[in-house]
Amino acid sequence: ALLQGDSGFKPAHPAATNPVLRSPARPEGRVWIEDASAAATVDLANAAYGLMLRTLAYAYAVPAGDVRKRVMMQMAMGLMHAITPLAEAAARMPVGPSNPGCNAGMSFTTLRDSAALPAGAAADQLVRERLREFAVGAADIAALSPRHARAATLFAQLVPQFESQLPEAQPAPAPVAATAPVAAATAVAATAAPLPAVEIVASESIEIHYRGQRCIHARHCVTAAPTVFLANVQGPWIHPETMPVERLVDVAHGCPSGAINYRRLDGQPEEPVPPVNLATIREAGPLAVHADMLLDGNPVGYRATLCRCGASKHKPFCDGMHKEIDFSASGEPATQGTTALAHRDGALRIDPQANGPLSVAGNLEIVSGTGRIVARVTAARLCRCGGSQNKPFCDGTHARIGFRTD
């Protein structure tokens with residue numbers, strides 16, 4: 001119907017079928033990608049595809065309970081997301097003068113073998129080295145288009161994510177490459193999960209740190225410490241000298257979003273590590289997490305509120321948009337079958353999946369708004385698109401509704 005209305009309509013990019021990256025000995029019927037940029041794009045996409053197959057096979061080869069099963073599955077999914085913009089970019093790039101009117105495309109060529117690697121540290125080292133090489137290669141072509149830049153960001157994020165989840169292994173040395181691409185890859189990784197600007201106000205005994213973009217305006221501070229935190233005023237609004245330091249510390253601990261933190265100047269202990277990792281489901285609002293958190297491998301403190309409506313402009317953190325869009329979600333979901341955890345504390349790894357849920361690994365007790373146990377987990381995928389019918393857990397709705405986010 002579209003062609004009848006517009007004879008010039010092109011329903012698809014003229015991408016080659018199984019193009020080759022080197023001049024073929026018999027060129028008849030073969031498409032050679034002569035353009036250097038297109039060849040680099042397809043070569044990187046194919047290489048990442050090969051590693052994706054091996055990590056996926058590895059995840060099925062190791063026994064249940066092995067931490068590498070989860071980690072390798074996450075790497076496989078992360079590689080799938082990074083390959084997508086490269087494939088989209090390749091289909092839009094001309095192959096070269098020998099085949100006018102023809103674009104490049106992934107050929108899904110894999111090198112050597114796609115079988116699972118032997119389990120253990122050697123596999124960890126190989127995957128780590130390849131991820132770092134991909135990050136460098138992607139950074140080298142990041143300026144070609146927004147899709148290339150997106151792929152570079154995703155590859156750079158996979159490197160610290162993988163290394164943080166296997167802390168017992170030593171990081172691999174950086175691959176040999178030109179200085180500029182390495183620097184570019186490092187810069188992308190460093191800015192993957194930036195913390196917002198911090199406002200710092202000090203008294204003789206304590207230094208208050210306020211991160212405005214993390215604040216969800218729970219108002220615990222202005223009601224519990226009204227002389228310290230002045231609401232609706234112009235100019236200075238934080239006055240830590242007006243309250244005894246121990247009471248002010250307790251107020252800071254009650255900030256669910258982690259917008260308020262502190263540093264003791266009187267030599268007394270800082271905020272303690274939470275003895276129990278908790279995620280509290282706020283009615284029609286975010287998840288309030290209290291744990292020693294690593295977000296994409298970066299420490300983000302012991303308190304955070306994470307978006308689950310899908311509308312926050314500062315994902316994965318909540319910014320209050322759930323109120324603007326009238327998000328509706330119970331804070332009292334049904335209790336699921338739970339088994340007491342052997343350990344209730346420890347590092348909690350939170351890895352936002354591109355266009356998908358929050359992947360959580362570590363000891364975690366998920367509780368309702370009234371404190372009732374909903375589930376005890378050591379690994380979970382938590383909804384952040386707002387559409388799951390099994391909140392707070394992901395049910396795959398993000399794919400059906402086209403949820404888009406980092």
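Positions are given from 1 along the sequence.
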In terms of ring plane angle, is the pair Y210 and W237 parallel, tilted or perpendicular, where the classes change at 30° and 60°?
perpendicular
Can you tell me how far apart SG (C383) and CD (Q389) are? Round to the nearest 0.5 Å.
9.5 Å
With the side chain counted from C-beta on, respond yes when Q125 and R130 share a heavy-atom pair under 4.5 Å apart, and no when they do not.
no
Decide, yes or no, whether a salt bridge links R264 with E246 under the criterion of side-chain N to carboxylate O below 4.0 Å.
yes
Test item: F229 and V251 side chains (from C-beta on) under 4.5 Å apart, heavy atoms
yes
Could you pull out the closest heavy-atom pair between L21 and A39, with the gap in Å?
CD2-O, 3.8 Å
Test item: N277 side-chain N/O and N363 main-chain N/O as donor-acceptor pair under 3.5 Å:
yes
Mark yes or no for whether E34, through its side chain, and S98, through its backbone, hold a donor-acceptor pair below 3.5 Å.
yes
Could you tell me whether the side chain of P256 reaches within less than 4.5 Å of the side chain of R282, counting heavy atoms only?
yes
Would the distance check show the side chain of N103 and the main-chain N or O of V95 forming a donor-acceptor pair, the cut-off being under 3.5 Å?
no
Please test H209 against I260 for side chain to side chain contact (heavy atoms under 4.5 Å, CB included), starting from the C-alpha separation and ending with a verdict.
CA-CA 6 Å; H209 295 206; I260 295 174; over 6 Å; no
By the definition side chain to side chain contact (heavy atoms under 4.5 Å, CB included), identify the one residue from L295, L294, D296 that meets it with D351.
D296
Residue pair L158 / Q161, side-chain heavy-atom distance below 4.5 Å
yes
Main-chain N/O of I373 paired to T335 side chain as donor or acceptor, under 3.5 Å
yes
Could you tell me whether H81 and F155 have their ring centroids closer than 6.0 angstrom?
no
Please check: side-chain N/O of K323 versus main-chain N/O of G320, any donor-acceptor pairing under 3.5 Å?
no
Examine distances only and state if a side-chain atom of Q336 and a backbone atom of A334 form a donor-acceptor pair shorter than 3.5 Å.
no
Which atom of S107 lies closest to which atom of N46, heavy atoms considered:
OG-ND2, 3.0 Å
Short side-chain donor-acceptor distance under 3.5 Å, D395 and T397:
yes
Contact check, side chains of P274 and P272, non-hydrogen atoms, under 4.5 Å
no
Should V289 and L278 be marked as a side chain to side chain contact (heavy atoms under 4.5 Å, CB included) after you check the CA-CA gap, both sets of side-chain angles, and the distance that decides it?
CA-CA 6 Å; V289 182; L278 293 175; over 6 Å; no
Kindly compute the distance separating CD1 (I33) from SG (C102), expressed to the nearest 0.5 Å.
8.5 Å
Atom of A90, atom of V42 and distance for their closest heavy-atom approach:
CB-CG2, 3.8 Å
As an exercise, state the distance from SG of C318 to NE2 of H217, rounded to the nearest 0.5 Å.
9.5 Å
Interatomic distance, R211 atom CZ to I200 atom CD1 [nearest 0.5 angstrom]:
8.5 Å
Return yes when atom OH of Y60 has more than 12 non-hydrogen atoms of other residues, nucleotides or ligands closer than 6.0 Å, and no otherwise.
no
Quick check on R92: does its CZ atom have over 12 non-hydrogen neighbours (other residues, nucleotides or ligands) under 6.0 Å away?
yes
Side chains of T242 and T227: any donor to acceptor distance under 3.5 Å?
yes
Restricting to non-hydrogen atoms, name the atom on F327 and the atom on R308 that form the minimum distance, rounded to 0.1 Å.
CZ-O, 3.5 Å
Once rounded to the nearest 0.5 Å, what's the spacing between atom CG of L51 and atom CG of L131?
6.0 Å
Tightest non-hydrogen contact, residues T305 and P286, listed as CB-CG, 4.0 Å
Any chance you could lay out the side chain to side chain contact (heavy atoms under 4.5 Å, CB included) test for V374 and V367, step after step, and finish with the verdict?
CA-CA 5 Å; V374 173; V367 300; 5.6 Å; no
Whether the side chain of Y262 engages the backbone of E271 through a donor-acceptor N/O pair (distance < 3.5 Å, no angle test) should be reported.
yes
Determine whether M72 and R54 make a side-chain contact, defined as any pair of heavy atoms from C-beta on separated by less than 4.5 Å.
no
Using modelled atom types and a 3.5 Å cut-off, is there a donor and acceptor pairing between side-chain atoms of K315 and backbone atoms of T405?
no
Decide yes or no for L364 and T378: does some side-chain heavy atom of the first lie under 4.5 Å from some side-chain heavy atom of the second?
no
Closest heavy-atom contact between P392 and I281?
CG-CD1, 3.8 Å
State, without any angle test, whether S203 and S205 hold a side-chain donor-acceptor pair at a distance under 3.5 Å.
no
Using 0.5 Å steps for rounding, measure from the CG atom of L44 to the CG atom of L86.
5.0 Å
Quick check: are there more than 12 heavy atoms from other residues, nucleotides or ligands sitting under 6.0 Å from CZ of R400?
yes
With the side chain counted from C-beta on, respond yes when Y58 and R68 share a heavy-atom pair under 4.5 Å apart, and no when they do not.
yes
Atom pairs and distances, donor-acceptor, side-chain atoms in residues 218-225, under 3.5 Å, two or more places apart:
from, atom 1, to, atom 2, distance (Å)
T223, OG1, R219, O, 2.8
T223, OG1, H220, O, 3.3

Test your reading of the model: is there a side-chain donor-acceptor pair from N99 to the backbone of V31, 3.5 Å cut-off?
no
N261-R303 side chain donor-acceptor pair, cut-off 3.5 Å:
yes
Test: R214 and D319 ion pair at under 4.0 Å
no
salt_bridge(R132, E129) N-O dist < 4.0 Å:
no
Looking at D345 and V276, would you say the former's side chain and the latter's main chain have a donor-acceptor pair under 3.5 Å?
no
For the pair E332 and R372, find out whether any cationic side-chain nitrogen is under 4.0 Å from an anionic carboxylate oxygen.
yes
If you draw a 6.0 Å radius around CD in E270, do more than 12 non-hydrogen atoms from other residues or ligands fall strictly inside?
yes
Apply the test side chain to side chain contact (heavy atoms under 4.5 Å, CB included) to residues R384 and H398: give CA-CA distance (whole Å), side-chain angles for both, the deciding distance (0.1 Å), then the verdict.
CA-CA 8 Å; R384 63 173 181 147; H398 58 273; over 6 Å; no
